[in-house]
Amino acid sequence: ALQSRGVALAALGRKEEALASYNRAADLAEKRALSQDGGLFAAVLSSRASLLLELGRKEPALADLRLALQNASQDPRARAAIQKRIDELR
């Protein structure tokens, strides 16, 4: 729900509010990832990275993408997509 809220806020141009929503979603997803699959955490981090890039914050975006890669599910397509984004930003 918080990730969807972040998407909606970003679409409305309310990027700082969207970032706050993504931050909260990442905190909750990280806690969940400790006991379950990290796929949700990776998805939230990837979304937050996209917003950070829109805000011109490349280094924090790269950090989120690297952490997303570490927590991504074992789905090779998901991992490849995250790795591709990292490679494009280098």
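These numbers come from a predicted model, not from an experiment.
- S47 contributes a side-chain N or O that, together with a main-chain N or O of A43, makes up a donor-acceptor pair within less than 3.5 Å.
- In terms of heavy atoms, A68 sits closest to S46 at CB-N, 4.4 Å.
- Here the closest heavy-atom approach between residue V44 and residue Y22 is recorded as CG1-O, 3.7 Å.
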Name every donor-acceptor pair, under 3.5 Å, that has one atom in a side chain of residues 10-20 and the other anywhere in the protein, sequence neighbours excluded.
residue : atom : partner : partner atom : Å
R14     : NE   : E17     : OE2          : 2.9
R14     : NH2  : E17     : OE1          : 2.8
K15     : NZ   : E54     : OE1          : 2.8
E16     : OE2  : R57     : NH2          : 3.0

What do the steps show when you test R32 against L28 for side-chain contact (heavy atoms from CB on, under 4.5 Å), and what is the final call? CA-CA 6 Å; R32 183 176 174 196; L28 293 172; over 6 Å; no
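- Under a hydrophobic clustering in which Ile, Leu, Val, Met, Phe, Trp and Tyr are joined whenever their side-chain heavy atoms come within less than 4.5 Å, directly or via other members, V7 and L52 fall into the same cluster.
- Legend: residues meeting side chain to side chain contact (heavy atoms under 4.5 Å, CB included) with L89, ordered by chain and number and at least two apart, are L53, K58, L62, L65.
- Scanning all heavy atoms of the two residues, the minimum distance from S50 to R85 falls at OG-NH2, 2.7 Å.
- For the pair R79 (side chain) and Q74 (backbone), a donor-acceptor distance under 3.5 Å is absent.
- The side chain to side chain contact (heavy atoms under 4.5 Å, CB included) check on R77 picks up D75, with sequence neighbours excluded.
- D87 and R90 are joined by a salt bridge, as a carboxylate oxygen and a charged side-chain nitrogen come within less than 4.0 angstrom of each other.
- Applying the salt bridge (Lys or Arg N to Asp or Glu O under 4.0 Å) test to every pair with at least one member in residues 59-72, sequence neighbours left out, gives these pairs: R48-D64.
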Determine whether Q3 and L40 satisfy the following criterion, side-chain contact (heavy atoms from CB on, under 4.5 Å), listing intermediate values before the conclusion. CA-CA 10 Å; Q3 183 178 2; L40 174 63; 4.3 Å; yes
